[in-house]
Protein chains: 2
Amino acid sequence: MECGQVCEGCAVRDVALCGSLDDSGLADLNRIGRRRRVGCGETIAWAGEESRSCANILSGLFKLSASTADGREQTVGLLYPADFVGRPYAPRTDYNVTALSEAEICVFPRPAFEETLERHNELERELLRRTLTTLDEARGRQLMLARQSAEERIARFLLDMAKKMGGARPTPGGPQTFDLPLSRGAIADVLGLTIETVSRQMTRLKAAGIIALPGGRAVTILRRADLQGLAAET
Amino acid sequence: MECGQVCEGCAVRDVALCGSLDDSGLADLNRIGRRRRVGCGETIAWAGEESRSCANILSGLFKLSASTADGREQTVGLLYPADFVGRPYAPRTDYNVTALSEAEICVFPRPAFEETLERHNELERELLRRTLTTLDEARGRQLMLARQSAEERIARFLLDMAKKMGGARPTPGGPQTFDLPLSRGAIADVLGLTIETVSRQMTRLKAAGIIALPGGRAVTILRRADLQGLAAET
DNA sequence: CGCCCAGTTGAACGTCCTCAAATTGCGTGG
DNA sequence: CCACGCAATTTGAGGACGTTCAACTGGGCG
């Protein structure tokens, strides 16, 4: 038993940040980490509060959101299993972290995590790599939010989700069906639109025969090429 | 002479990334870095191209921009003296880097810079810290681009610029005058608006007696409190 | 002196938002 | 099993904000 009870049977052991560590490093992390279940809708960190802990996501989906003083809200990032959450090296967080589904996370107290970061160079390097990638994503979303139409945003979002979710695909290249892990409201928050606009655009895509909406949160991509045409980006 | 000809008399020696290094580390960086003048409007990195080098900005202002296939453009970050530019650990850049003024930079070949990063842990840690801060900024801009009105964006932008630029301030707390280092077009690119909207909003602020526009790119903030009221954010 | 470019101003339009109502989906309890 | 109630979603009508297109202004420089 090389890595103790927390890492034991961890679903994201190799793909998460920890994947960069050798056994001794893993033992270090294992010492300070502990698993926690998070209920759907539960917020695990609040903007403006002290940055008390960091975590790896084991399962479930989270949103990272910011809001204006008068309550307008924007999701500035989605977090999937194996993603890292938290803000090392800063006393406070600027964003809320909220579960969009039932979830499980592996939590580390921030000071202890920072010490581990300092002790294990490979962990720090991996965090740097991930942060740079996340920064690229955040910048890509700036382009979307500033310059793309509602139709383009929805098309891109559906394609992104299709990739993330996998889902049923009877014949390769054929129609793909999957469940959106977000409500219409959550989608609107991500895309910088309103619920109504999201709904209308989905309806339009359905009317155009590009997608089908079999019910619930399910989506079927019928004509992927057309959807990609609408999403046309960089 | 502890750090050779490049770092010699470097204006940002202590505030840039390099500030984290001791003399031996600095000697390492000095070996691979070289200074370069950049003309106003010159683009030093192109989206989609190979990520060949990284750099520290010694003087001048740069924009980091992304664009859609059909030419809509968005500035996703502004880079000031002492800021780091480049994308270590990735084969290509996703963004253009363009000088908005005459500038000078200290360039490192990317592979050599990455090696230095690996050899000097403190450099890597400082880059991580900076990247995390930049990520926070990028997320803040997402909120702005998605949810703030043109008026709010302009107000916030003017306040941010006033802080960055310093500028003349006859009496403490009194009116502050400074030159915007960006054209109206560049401002529009940053704020996700059009030139016309930027111009109209500036005119409105002037008409309201909140700012004055003494000519050229100069701006005077007459009633800071009111401007802050309009900018109301997180 | 006149050109040229940045900036300003004006008018019309379109996209997306707001507010409101109708509809659907789903869990609960009768 | 069906009725009910709540929440999520869809649909509709109207309006606001920012864009688009176009004309005009002013300052710098040949």
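Each chain gets a letter, A, B and so on, in the order its sequence line appears, and its residues count up from 1.
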**Complete:** Whole-Å distance, B:Arg153 CZ to D:dT19 C1', equals 13 Å

**Prompt:** Does the distance from a Lys or Arg side-chain N to an Asp or Glu carboxylate O, for B:Arg36 and B:Glu42, drop under 4.0 Å?
**Reply:** yes

**Complete:** Assert: residue with more 5' nearest nucleotide on DNA chain C, out of B:Arg184 and A:Ala150, is B:Arg184

**Prompt:** What is the distance, rounded to the nearest whole Å, between atom CG of B:Leu213 and atom P of C:dG7?
**Reply:** 12 Å

**Request:** Using five base pairs at each end, measure the axis-to-axis angle across the helix from C:dC1-D:dG30 to C:dG30-D:dC1 and round it to 10 degrees.
**Result:** 30°

**Request:** Using only heavy-atom distances, determine whether the side chains of A:Glu196 and A:Ser199 contain a donor-acceptor pair under 3.5 Å.
**Result:** no

**Asked** Would A:Glu137 and A:Arg130 pass as an ion pair if we require N to O under 4.0 Å?
**Response** no

**Residue among A:Val85, A:Thr75, A:Val76 satisfying side-chain contact (heavy atoms from CB on, under 4.5 Å) with A:Tyr95** = A:Val76

**Message:** What is the distance, to the nearest angstrom, from the CG atom on A:Leu182 to the P atom on D:dT9?
**Reply:** 10 Å

**Prompt:** For the pair made of CD1 in B:Ile154 and C1' in D:dG18, what is the distance, rounded to whole Å?
**Reply:** 12 Å

**Fill in**
DNA chain D nearest-nucleotide lookup for A:Ser183 and B:Gln148: closer to the 5′ end is A:Ser183

**Request:** May I ask you to decide whether A:Arg204 forms a salt bridge with A:Glu151, counting only side-chain N to carboxylate O separations under 4.0 Å?
**Result:** yes

**Message:** Contact list please: residues 188-202 of chain B against DNA chain D, heavy atoms, distance less than 4.0 Å, in numerical order.
**Reply:** B:Gly192, B:Leu193, B:Thr194, B:Glu196, B:Thr197, B:Arg200

**Prompt:** Given side chains that start at C-beta, do those of A:Asp189 and A:Ser65 come closer than 4.5 Å, heavy atoms only?
**Reply:** no

**Request:** Round to the nearest Å and state the distance from B:Arg147 atom CZ to D:dC17 atom C1'.
**Result:** 15 Å

**Request:** Answer yes when B:Asp70 and B:Arg72 have at least one side-chain N-carboxylate O distance shorter than 4.0 Å, and no when they do not.
**Result:** yes

**Message:** Rounded to whole Å, how long is the line connecting atom NZ of B:Lys206 with atom P of C:dG7?
**Reply:** 14 Å

**Message:** Whether A:Arg87 and A:Asp94 form a salt bridge (side-chain N of Lys/Arg under 4.0 Å from carboxylate O of Asp/Glu) is what I want to check.
**Reply:** no

**Message:** Surrounding CZ of A:Arg52 (heavy atoms of other residues, nucleotides or ligands, distance under 6.0 Å), is the total greater than 12?
**Reply:** no

